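Working notes for the structure below.
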2 protein chains.
Amino acid sequence: MSRILIIEDEKNLARFVELELKHEGYDTQVELNGRTGLQAALDDNFDVILLDLMLPELNGMEVARRLREKKNTPIIMMTARDSVIDRVSGFDHGADDYIVKPFAIEELLARIRALLRRIQIENDQQKSNKKSVTFKDLTIEKESRIVRRGDEVINLTKREYELLLTLMENVDVVLARDVLLTKVWGYDSEVETNVVDVYIRYLRNKIDRPGENSYIQTVRGTGYVMRS
Amino acid sequence: MSRILIIEDEKNLARFVELELKHEGYDTQVELNGRTGLQAALDDNFDVILLDLMLPELNGMEVARRLREKKNTPIIMMTARDSVIDRVSGFDHGADDYIVKPFAIEELLARIRALLRRIQIENDQQKSNKKSVTFKDLTIEKESRIVRRGDEVINLTKREYELLLTLMENVDVVLARDVLLTKVWGYDSEVETNVVDVYIRYLRNKIDRPGENSYIQTVRGTGYVMRS
DNA sequence: TCCTTTTTGTAATATATTTTCAAACAAGTA
DNA sequence: TACTTGTTTGAAAATATATTACAAAAAGGA
């Protein structure tokens, strides 16, 4: 179920919203000031953040701005009535929607649902929409399936290509052999997991430069990763 | 099986709910007024409390409030239809969910299940949901499995990493050697408990600074802990 | 179709790293 | 001091990964 972070200093309101959201089946967490709210938002992956504009320690706009430097978690800004200027700057700082206090809980729920739906659609499109993937001076153009290191075109077989693509679409995520196996060879493949090692080697031979560290790092006991 | 306390003065309703819950395999107890209800809740450890808002001697809100001073037993508040004001203050006093009377028994069962699940998840998983874990200037990024002390990256083996993660996800909890063994080495591992000591030493060598106190403290006769 | 080339997967070996054990040592406690 | 508990160490055992050669399968071309 979706996880929602509530950053709001009025305890009664925070508690009320939290309970209503839990009642709807969301997983919630409350933070009572901007600083801890931002920290929680960064440490954790929430689906939506409800962010009050007026907060102690760090105001809502500032929280949104700093969060946006790192992440794109959707934000619904809660503003005092008619504070148009705030609205504008709120959007400007990265809010995805806003709701004016005092609000009917049903309106908030509707906005959350709408936002989750919107994000879902964007995510679906985005992933398949990206035309190219990059890691350092390595690029993959998906449509043409051309792989380059700098200017030099690298010829990869189907398996090699898919393995590299998977790694490059998950930069900084350590992928276990069996994960790679299901992603590249298919969930029902019955090959030995040693093929992953072998293909990693093929890739290294083709993309790395002699003497330099490999672009693909081994994490012993766990898997492989391309670290930025 | 989970134990549920029903605090409800309408005998018929209380009886009905009790029978249904027993039928579902829960262990139940009924109290017919706020005073004895609170007493029972304090004396005993229930998994969930069903609490009516309108009660003789001590109303539901008051029961919730006083219980919360001592305990965090999850509460489902049963409120009359559309009593929004009651909701707000009820939640404010510590309810975890509410159900509006009259309700379908199936909805109540679903809410109880959801609540039990949520509590479970909050206990176990919240920590493992987090993307990163921090202790003083030590951080672990889980996806990339990068461990840092300040800016310096620390290389850990699989076992070392998992041991540190376990300790850091349980800051201020003293973990016995055999607990660490089951958590890190697996429930069926058959290694000597001395390996824990050995790995604690490896970790200390890698994360501590010479001269400073160790981040990992020994609790003689009990286990190890990272104290904040 | 038949032959050639390329790709894929397996298995064996070599190499590197980690894990474990057990014994000696140190420290804390009664 | 005697006893218990924790620490440190080095070496052996266990595992994981890298590398290679090769056979089977698939793809391509005449």
Side-chain angles (χ1 to χ4, degrees), chain A residues 145 147 153-167 174-227, chain B residues 145 147 154-167 174-208 210-227:
Chain A
R145 296 175 73 97
V147 180
V153 172
I154 295 171
N155 259 314
L156 298 182
T157 71
K158 186 166 163 350
R159 282 280 139 87
E160 289 164 353
Y161 174 86
E162 270 160 19
L163 180 57
L164 182 62
L165 187 61
T166 306
L167 287 165
V174 179
L175 298 167
R177 266 163 258 266
D178 58 332
V179 171
L180 290 170
L181 215 54
T182 37
K183 291 204 185 210
V184 176
W185 276 261
Y187 70 97
D188 55 350
S189 90
E190 286 176 14
V191 295
E192 301 292 316
T193 58
N194 168 253
V195 289
V196 177
D197 301 46
V198 174
Y199 273 83
I200 289 289
R201 161 144 235 277
Y202 293 162
L203 277 181
R204 282 173 171 165
N205 279 343
K206 293 192 179 180
I207 66 179
D208 289 336
R209 302 249 164 84
E212 291 176 14
N213 282 340
S214 176
Y215 273 8
I216 303 170
Q217 292 197 245
T218 307
V219 182
R220 216 152 212 282
T222 311
Y224 296 95
V225 62
M226 297 182 81
R227 279 203 223 277
Chain B
R145 297 176 72 100
V147 180
I154 296 172
N155 259 313
L156 298 181
T157 71
K158 192 174 147 77
R159 283 277 141 84
E160 289 164 354
Y161 174 88
E162 271 159 17
L163 180 57
L164 182 62
L165 187 61
T166 307
L167 288 165
V174 180
L175 298 166
R177 269 162 257 265
D178 59 332
V179 171
L180 289 170
L181 265 187
T182 30
K183 290 203 185 214
V184 176
W185 277 260
Y187 69 98
D188 56 350
S189 93
E190 286 175 14
V191 296
E192 302 293 317
T193 58
N194 168 253
V195 290
V196 176
D197 302 46
V198 173
Y199 273 85
I200 290 289
R201 157 143 235 277
Y202 292 163
L203 278 181
R204 284 173 171 164
N205 279 342
K206 292 191 178 180
I207 67 180
D208 289 336
E212 290 176 14
N213 282 340
S214 177
Y215 274 7
I216 303 170
Q217 293 197 241
T218 308
V219 181
R220 207 147 215 283
T222 312
Y224 296 96
V225 62
M226 297 182 82
R227 276 201 227 282

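By convention in this document, chain letters (A, B, ...) are assigned in the order of the sequence lines, proteins followed by strands, and residues within each chain are numbered from 1. Below, all heavy atoms of this structure are taken into account, side chains as well, without hydrogens, waters or symmetry copies. From a predicted model like this one, the values you see are computed outputs, not experimental measurements.
Between A/Thr157 and C/dT6 there is no side-chain N or O to OP1 or OP2 distance below 4.0 Å. Between A/Trp185 and C/dT8 there is no side-chain polar atom (N or O) within less than 4.0 angstrom of OP1 or OP2. The side chain of B/Thr218 places an N or O atom within less than 4.0 Å of a non-bridging phosphate oxygen (OP1 or OP2) of D/dT7. Taking 4.0 angstrom as the limit, A/Arg204 places a side-chain polar atom (N or O) nearer than this to OP1 or OP2 of D/dA18. Residue A/Arg177 places none of its side-chain N or O atoms closer than 4.0 Å to OP1 or OP2 of D/dA16.
Donor-acceptor pairing under 3.5 Å, judged by distance alone, is absent between the side chain of A/Arg201 and the base of D/dA18. At a cut-off of 3.5 angstrom, counting only N and O atoms as typed in the model, there is no donor on one side facing an acceptor on the other between the side-chain of B/Tyr224 and the base of D/dT5. Interface remark: the B/Asn194 side chain does form a donor-acceptor pair with the C/dA22 base, using a distance-only criterion of under 3.5 Å. You won't find any donor-acceptor pair under 3.5 Å spanning the side chain of A/Arg159 and the base of C/dT8, going by distance alone.
B/Lys158 places no side-chain N or O within 3.5 Å of a backbone atom of A/Thr222 that could act as its donor or acceptor partner. A donor-acceptor contact shorter than 3.5 Å links the side chain of A/Ser214 to the backbone of A/Ile216.
Rounded to an integer number of Å, the gap from CG of B/Asn205 to P of D/dG10 is 12 Å. One interatomic measurement links the two molecules: OH of B/Tyr199 to C1' of D/dT9, which rounds to 14 Å at whole-angstrom precision. Between A/Glu160 atom CD and C/dT6 atom C1' there is a gap of 11 Å when expressed in whole angstrom units.
Residue contacts for A/Val219: at a heavy-atom cut-off of 4.0 Å it reaches the sugar-phosphate backbone alone, with no base atom in range. Among the heavy atoms of the strands lying under 4.0 Å from B/Val191 are primed sugar atoms or P, OP1, OP2 only; no base atom is included.
Scanning both residues, B/Arg227 and B/Val174, for their nearest heavy atoms gives NH1-CG2, 4.4 Å.
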Legend entry - Steps toward side chain to side chain donor-acceptor pair (under 3.5 Å) verdict (B/Arg177, B/Tyr224): CA-CA 8 Å; B/Arg177 269 162 257 265; B/Tyr224 296 96; 3.1 Å; yes
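With a 6.0 Å radius and a threshold of 12 heavy atoms from other residues, nucleotides or ligands, A/Asn205 has its CG atom above the threshold.
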